[in-house]
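Read the structure below first, then the notes.
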Amino acid sequence: MGDVFMVASGKGGVGKTTLCAMLGSQFARMDKTVVMLDTDFGLRNLDLYFHLENKIIYNLVDVLKGVCSYRQALLPLDSNRTFYIMPGSRNYDFSLPEDAFSCLIEKLKAQFDIVLIDTPAGITPIHQAMFPYVDQALVVVTMSQASLADALSFCHVLQKQGLPARLIFNQMGPDMAKRRNRSRLQEMARHAFHAEYLGSLPDMHKKCAMPSDFLIRGKEILPICRTILMPAKETE
């Protein structure tokens, strides 16, 4: 059975969807079978990273409403058909039906090694509905005060749910790549957020011109993917 990872953030604009696309692409390069779900209903854009916006016939909402089978909504992202996306819907007015979602997750876990769920920013009813079916939460945060504050609130909610929180610091400046600053981030994650530090990523918007450019930058994301596949560490 596969593992289910929620990719989340307290604040919008921290690079959550970009990170989800990068994680999925890197896991696929590691010979894992991967599916990504876009649950940011009304604001879907995960499909844009793979130039699939004009190829969508069915989406996640169609599956949950019983309009189509889950296989009909899966779009392959590689020639081996081991890497897929299930796009979200442009429909804003949708609440997650827990029974249908639970059934879908069980089917995906049986077929894929990795299930990545790109979620809306903040803490929404969609998050609350999917918490029971998630194995781990990957929380994306930047060093802005607003992002840190919102991520802290999100981690508190995860702790109440009994879900391990694992932090990824994104859009970091070059100074934060130094070893002493990585140690600072590890201590911050552990003591302030009671979460595990997975790693940090540079601000790649300055390095990549197109969304698809992010997907080939395996050097930055590979160590994080390797750590994600390891058991979560206990935090204080």
Side-chain angles (χ1 to χ4, degrees), residues 1-10 12 16-25 27-28 32-78 81-140 154 157-158 160-163 165 211 228:
M1 297 291 283
D3 293 312
V4 182
F5 300 95
M6 169 191 289
V7 183
S9 67
K16 171 179 50 61
T17 299
T18 300
L19 180 64
C20 185
M22 291 177 66
L23 290 172
S25 299
F27 281 132
K32 300 294 182 182
T33 55
V34 182
V35 62
M36 300 182 299
L37 275 62
D38 191 341
T39 63
D40 197 354
F41 303 124
L43 296 173
R44 77 168 191 222
N45 56 22
L46 187 57
D47 53 286
L48 299 178
Y49 286 82
F50 302 92
H51 306 292
L52 295 174
E53 58 271 22
N54 296 321
K55 298 182 180 180
I56 297 172
I57 299 175
Y58 297 110
N59 58 55
L60 174 58
V61 170
D62 293 324
V63 176
L64 296 176
K65 286 184 174 181
V67 174
C68 65
S69 71
Y70 83 95
R71 294 183 187 276
Q72 288 177 289
L74 290 174
L75 296 176
L77 299 173
D78 65 350
R81 292 184 174 263
T82 58
F83 183 25
Y84 287 84
I85 181 175
M86 185 176 291
S89 170
R90 294 293 184 191
N91 180 12
Y92 288 87
D93 188 19
F94 182 76
S95 59
L96 201 69
E98 290 193 43
D99 289 345
F101 184 76
S102 172
C103 182
L104 172 62
I105 291 298
E106 289 304 311
K107 291 177 180 177
L108 295 177
K109 288 174 65 175
Q111 182 174 345
F112 296 95
D113 299 322
I114 304 286
V115 180
L116 288 170
I117 305 177
D118 184 31
T119 64
I123 305 167
T124 70
I126 291 174
H127 293 89
Q128 300 286 348
M130 68 174 64
F131 279 147
Y133 314 106
V134 172
D135 296 307
Q136 293 182 30
L138 311 177
V139 182
V140 187
F154 197 98
V157 172
L158 293 173
K160 291 179 181 179
Q161 296 290 329
L163 274 174
I228 288 172

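Excluded from the calculations below are hydrogen atoms, water molecules and symmetry mates; all remaining heavy atoms, backbone and side chain alike, are included. What you see is a predicted model, and the numbers here were worked out from it, not measured in a lab.
- Using cut-offs of 30° and 60° for the angle between ring planes, the Phe112 and Tyr84 rings count as perpendicular.
- Side-chain contact between Leu23 and Ile114 is absent, with no heavy atoms from C-beta onward closer than 4.5 Å.
- Pro120 places a side-chain heavy atom less than 4.5 Å from the side chain of His127.
- Separation of atoms CG (Asn45) and OG1 (Thr17) is listed at 4.5 Å; rounding is to 0.5 Å.
- Counting only distance, with no hydrogens or angles, the side chain of Asp135 and the backbone of Phe5 share no donor-acceptor pair below 3.5 Å.
- Atom CD in Gln111 sits 6.5 Å away from atom CG in Leu74 (nearest 0.5 Å).
- Without hydrogens or angle criteria, Asp118 side chain to Asp40 main chain gives no donor-acceptor distance under 3.5 Å.
- Rounding to the nearest 0.5 Å places CG of Asp113 at 11.5 Å from CE of Met1.
- In this structure, OH in Tyr133 is found 9.5 Å from CD1 in Ile105, a value given to the nearest 0.5 Å.
- The line from CZ of Phe83 to CG of Leu77 is 5.0 Å long, rounded to the nearest 0.5 Å.
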Show your working on side-chain contact (heavy atoms from CB on, under 4.5 Å) between Ile57 and Gln72 and close with a plain yes or no.
CA-CA 8 Å; Ile57 299 175; Gln72 288 177 289; over 6 Å; no
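- Between Leu104 and Met86 the shortest side-chain heavy-atom distance falls below 4.5 Å.
- No side-chain heavy atom of Thr18 sits less than 4.5 Å from a side-chain heavy atom of Val140.
- Screening Val139, Val7, Leu138, Leu46 against Lys16 for a side chain to side chain contact (heavy atoms under 4.5 Å, CB included) leaves a single residue, Val7.
- Looking at residues two or more places apart in sequence or on another chain, you find no ring-ring contact (aromatic ring centres under 6.0 Å, His included) involving Tyr58.
- The shortest distance between side-chain heavy atoms of Thr119 and Ile126 does not fall below 4.5 Å.
- Here the side chain of Asn59 pairs no donor or acceptor atom with the backbone of Ser89 at under 3.5 angstrom.
- In this structure, Ser102 contributes its side chain and Glu98 its backbone to no donor-acceptor pair below 3.5 Å.
- Partners of Tyr70 according to the ring-ring contact (aromatic ring centres under 6.0 Å, His included) rule, which considers only residues two or more places apart in sequence or in another chain, do not exist here.
- Residues satisfying the side chain to side chain contact (heavy atoms under 4.5 Å, CB included) test with Asp47, not counting sequence neighbours, are Arg44, Leu52, Glu53, Ile56, Ile85.
- In this structure the side chain of Arg71 never reaches within 4.5 angstrom of the side chain of Lys107, judged on heavy atoms.
- Closest heavy-atom contact between Gln128 and Val157: NE2-CG1, 4.3 Å.
- Within 6.0 Å of NZ in Lys109 there are more than 12 heavy atoms belonging to other residues, nucleotides or ligands.
- Within the 4.5 Å cutoff, side-chain heavy atoms of Phe131 are placed close to those of Leu163.
- With a 4.5 Å cut-off on side-chain heavy atoms, Tyr49 and Met36 do not count as touching.
- Considering every non-hydrogen atom in both Ala73 and Pro87, the closest pair reads O-CD, 3.5 Å.
- Between the side chain of Thr33 and the main chain of Thr82, no donor-acceptor pair closer than 3.5 Å is present.
- In terms of heavy atoms, Val134 sits closest to Ala137 at CG1-N, 4.4 Å.
- Heavy-atom minimum distance, Ala28 versus Val34: N-CG2, 3.9 Å.
- With values rounded to the nearest 0.5 angstrom, Leu60 atom CG is found 9.0 Å from Ile117 atom CD1.
- Contact detail for Phe154 and Ile123: the closest heavy-atom pair is CD1-CG1, 3.4 Å.
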